[in-house]
J.: 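Below is the structure I would like to discuss, written out as structure tokens.
None of these values were measured; they are calculated from a predicted model.
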Amino acid sequence: MNVSPASVPAARVPAAAPTRPVDLVLEGGGVKGIALAGALEVLEERGYRVQRVAGSSAGALAGTLAVAGIPAAQLVEILRTTDYRRFADGPWWTRTLPGAALGILLHNGIHPGTSLRTWLAEQLAEYSEVGPEVTFGQLRWSDPDPSAHPTGAHACRLVVTASDLSEGTLLHLPLDAAAMGAAPDALRVVDAVRASTSIPLFYRPVRTRDADGNPSVLVDGGILSNFPVGVFDRPGGQAPRWPTFGIKLSAKPEAHFGVRNRIRGPFSYAKAVVDTVTGFYDRMHIDASHAVARTIFIDTAAVRPTEFDLTPADAELLYRKGRAAALAFLDGDHKQEPWDFAAYTARFRTR
């Protein structure tokens with residue numbers, strides 16, 4: 001039977017999702033950053049457009065690529081196909097136990113971390129709108145409300161955290177660029193991210209001098225704050241104009257934000273001390289801001305942060321977990337209600 005074109009119903013074209021502004025805070029976690037990309041892909045598909053990103057370690061890496069204009073689908077492809085073994089760089093002897101010990105003894109870290117910085121510059125050169133030598137000054141953010149001129153951390157599209165061991169302080173770069181001997185606008189993004197990704201002992205710390213010429217030793221921002229969820233909150237308790245989503249690389253806690261430490265001996269005691277120190281800044285802020293309600297939790301416990309010999313199957317698992325967690329957050333499931341910005345604001349952010 002011949003059917004005339006006029007009698008064939010037109011195919012339904014789904015309406016384009018409305019553009020929704022969003023700020024993001026991305027937790028660090030080494031190779032687990034693939035899960036971040038999966039969540040970012042879902043947000044982009046739902047019409048969310050990233051305004052600003054804050055992150056530490058892997059969160060700083062993914063955040064840099066996101067604000068550099070790289071589409072989420074491309075970011076997924078980059079992180080899924082990267083050979084992470086190149087990040088464990090340095091001479092061959094660093095891959096032996098005596099060599100690793102010698103690297104820690106001589107340099108306070110096994111691997112130089114040069115390959116990681118080079119890799120980020122390569123991705124920016126090939127895929128981004130800004131290029132490999134982009135500075136924070138080239139990533140300035142303009143508030144859509146001319147009367148709300150952004151200042152401090154709010155004035156840049158990207159905020160990277162690092163820990164300054166010399167001063168014992170948490171750095172928010174570029175705001176604290178003086179610790180790296182640079183003006184905020186002149187600080188190169190790849191240099192800040194390299195400092196933020198310096199996993200202690202695994203990577204050599206970044207050694208530099210501050211604006212006064214004093215030596216600075218910088219390591220992974222996650223040592224003091226792996227999840228700076230409140231960095232973009234409006235001052236004075238003002239209600240947000242659009243959401244800030246946190247993306248955390250761990251399962252949603254049953255109670256409180258941290259995991260209760262069970263102390264039964266010297267090893268569990270030492271672990272509890274480390275967990276308390278590294279999570280103090282985050283728990284202090286999160287308890288005050290009810291951030292659990294705006295956080296996408298991705299259970300990535302099956303993969304270690306430094307598992308650089310990641311198999312394709314594990315990379316796929318991380319990606320799918322990131323997507324699934326973002327969908328559950330936005331649409332709801334048997335454990336949580338769908339995301340509702342108006343309800344969140346009324347409950348947590350209205351005076």
J.: Tell me if a side-chain donor or acceptor on Thr300 pairs with a main-chain N or O of Ser250 at a distance below 3.5 Å.
T.: no
J.: Looking only at atom types and distance, does a side-chain atom of Asn214 sit under 3.5 Å from a main-chain N or O of Asp210, one as donor and one as acceptor?
T.: no
J.: Using modelled atom types only, decide if a donor and an acceptor are shared between the side chain of Glu41 and the backbone of Gly38 within a distance under 3.5 Å.
T.: no
J.: Output yes when a side-chain donor or acceptor of Asp143 lies under 3.5 Å from a complementary backbone atom of Asp145, and no otherwise.
T.: yes
J.: Apply side-chain contact (heavy atoms from CB on, under 4.5 Å) to Glu77 and Thr81, showing your working.
T.: CA-CA 6 Å; Glu77 188 63 19; Thr81 58; 3.3 Å; yes
J.: Can any side-chain N or O of Arg209 pair as donor or acceptor with the backbone N or O of Met180 at less than 3.5 Å?
T.: no
J.: Give a yes or no on this: more than 12 heavy atoms of other residues, nucleotides or ligands lie within 6.0 Å of atom CZ of Arg86.
T.: yes
J.: What pair of heavy atoms forms the shortest contact from Ile70 to Ser128, and how long is it?
T.: CG1-CA, 4.0 Å
J.: Let's go through Arg46 and Leu330 carefully: what are the C-alpha distance in whole Å and the side-chain angles of both, what is the deciding distance for side-chain contact (heavy atoms from CB on, under 4.5 Å) to 0.1 Å, and is it a yes or a no?
T.: CA-CA 9 Å; Arg46 293 299 183 88; Leu330 294 175; 3.7 Å; yes
J.: Which atom names give the shortest non-hydrogen contact between Val206 and Ala195, and what distance separates them?
T.: CG2-CA, 3.7 Å
J.: May I ask you to decide whether Asp23 forms a salt bridge with Arg241, counting only side-chain N to carboxylate O separations under 4.0 Å?
T.: no
J.: Go through it in stages, so that I can follow the logic: the residues are Thr64 and Leu158, the test is side-chain contact (heavy atoms from CB on, under 4.5 Å), and I'd like the CA-CA distance, side-chain angles, deciding distance and then a yes or no.
T.: CA-CA 7 Å; Thr64 297; Leu158 178 67; 3.4 Å; yes
J.: Do Thr244 and Val22 touch side chain to side chain, with heavy atoms closer than 4.5 Å?
T.: no
J.: Output, in order, the C-alpha distance, side-chain angles, deciding distance and verdict of salt bridge (charged side-chain N to carboxylate O under 4.0 Å, His left out) for Arg20 and Glu44.
T.: CA-CA 9 Å; Arg20 306 168 180 171; Glu44 188 172 287; over 6 Å; no
J.: Would you mind reporting whether Tyr127 and Leu75 have side-chain heavy atoms less than 4.5 Å apart?
T.: no
J.: On a heavy-atom basis, which atom in Gly29 and which in Ala58 lie closest, and how many Å separate them?
T.: N-CB, 3.6 Å
J.: Decide if the gap between the ring center of Phe329 and the ring center of Phe245 is smaller than 6.0 angstrom.
T.: yes
J.: Between Asn108 (side chain) and Arg204 (backbone), is there a donor-acceptor pair under 3.5 Å?
T.: no
J.: With a 4.5 Å limit on heavy-atom distance, are the side chains of Arg188 and Arg117 in contact?
T.: yes
J.: At what distance, to the nearest 0.5 angstrom, does CG of Leu105 lie from CD1 of Ile110?
T.: 12.0 Å
J.: Honestly curious: do Trp93 and Leu106 fall in one hydrophobic cluster under the side-chain, below-4.5 Å linking rule?
T.: yes
J.: Determine, stepwise, if the pair Leu120 / Leu65 fulfils side-chain contact (heavy atoms from CB on, under 4.5 Å).
T.: CA-CA 8 Å; Leu120 178 57; Leu65 298 175; 3.9 Å; yes
J.: Kindly indicate whether the side chain of Pro200, heavy atoms from C-beta on, has any atom under 4.5 Å from the side chain of Asp220.
T.: yes
J.: Just by modelled atom types, is the Ala192 backbone N or O under 3.5 Å from a matching donor or acceptor in the Ser196 side chain?
T.: no
J.: Answer whether the closest heavy-atom distance between the side chains of Phe136 and Cys156 falls below 4.5 Å.
T.: yes
J.: Measure from the side-chain N and O atoms of Gln123 to the backbone N and O of Trp119, and report whether any donor-acceptor pair falls under 3.5 Å.
T.: yes
J.: What heavy-atom pair brings Pro132 and Ala121 nearest, and what distance separates the two atoms?
T.: CB-O, 3.4 Å
J.: Hey, any chance Leu317 and Tyr84 share a hydrophobic cluster, counting ILVMFWY side chains that come within less than 4.5 Å of each other, even indirectly?
T.: no
J.: Would you say that Val42 contacts Tyr48 through its side chain, given a criterion of any heavy-atom pair below 4.5 Å between the two side chains?
T.: no
J.: Rounded at 0.5 Å granularity, tell me how far OG1 in Thr114 sits from CZ in Arg194.
T.: 7.0 Å
J.: Among the clusters formed by ILVMFWY side chains lying less than 4.5 Å apart, do Val130 and Val50 turn up in the same one?
T.: yes
J.: Where do Val219 and Pro205 come nearest, in terms of heavy atoms and distance?
T.: CG1-CB, 3.7 Å
J.: Any ion pair linking Arg323 and Glu45 (charged N to carboxylate O, less than 4.0 Å)?
T.: yes
J.: Inspect the surroundings of CZ in Arg234 and state if more than 12 heavy atoms from other residues, nucleotides or ligands are less than 6.0 Å away.
T.: yes
J.: Rounded at 0.5 Å granularity, tell me how far CD1 in Ile104 sits from CG in Leu102.
T.: 10.0 Å
J.: Under a 3.5 Å distance rule, please check whether Asp164 uses its side chain to pair with a backbone N or O of Leu218 as donor and acceptor.
T.: no
J.: Do Tyr344 and Trp339 make the cut of ring centroids closer than 6.0 angstrom?
T.: yes
J.: Output the distance between atom OG1 (Thr208) and atom CG (Asp191), rounded to the nearest 0.5 Å.
T.: 8.5 Å
J.: Whether the side chain of Gln138 engages the backbone of Thr135 through a donor-acceptor N/O pair (distance < 3.5 Å, no angle test) should be reported.
T.: yes
J.: Looking only at heavy atoms, what is the nearest atom pair of Pro184 and Leu175, with distance?
T.: CG-O, 4.5 Å
J.: Are the side chains of Arg140 and Ser142 in contact, using a 4.5 Å heavy-atom criterion?
T.: no
J.: Quick test of your reading of the model: are Asp333 and Lys335 salt-bridged, counting only N-O distances below 4.0 Å?
T.: no
J.: To the nearest 0.5 Å, tell me how far Glu167 CD sits from Ser216 OG.
T.: 7.0 Å
J.: Pick one: which of Leu139, Val67, Val160, Leu173 meets side chain to side chain contact (heavy atoms under 4.5 Å, CB included) with Val189?
T.: Leu139
J.: Within 45 degrees of the ring normal and closer than 6.0 Å to the centroid, is that where the cationic atom of Arg80 sits relative to Tyr319?
T.: yes
J.: When you compare the side chain of Glu27 with that of Lys32, does any pair of heavy atoms fall below 4.5 Å?
T.: no
J.: Name all pairs fulfilling the ring-ring contact (aromatic ring centres under 6.0 Å, His included) condition that reach into residues 176-221, sequence neighbours left out, sorted by first residue then second.
T.: His111-Phe202, Phe202-Phe308
J.: Between Leu116 and Leu201, is there shared hydrophobic-cluster membership here, with clusters defined by ILVMFWY side-chain heavy atoms closer than 4.5 Å?
T.: no
J.: Can you tell me which residue among Leu249, Leu318, Ile34, Thr311 is in a side chain to side chain contact (heavy atoms under 4.5 Å, CB included) with Val303?
T.: Leu318
J.: Do Phe348 and Leu24 sit in one hydrophobic cluster, given that two such residues count as connected whenever their side-chain heavy atoms are within less than 4.5 Å of each other, even indirectly?
T.: yes
J.: Calculate, to the nearest 0.5 Å, the distance between atoms CD and CD1 belonging to Gln336 and Ile296 respectively.
T.: 9.0 Å
J.: Is the Lys NZ or Arg CZ of Arg52 less than 6.0 Å from the centre of Trp141's six-membered ring, within 45° of the axis?
T.: yes
J.: Using a strict cut-off of less than 4.0 Å between a Lys/Arg side-chain nitrogen and an Asp/Glu carboxylate oxygen, indicate whether Asp233 and Arg294 qualify as a salt bridge.
T.: yes
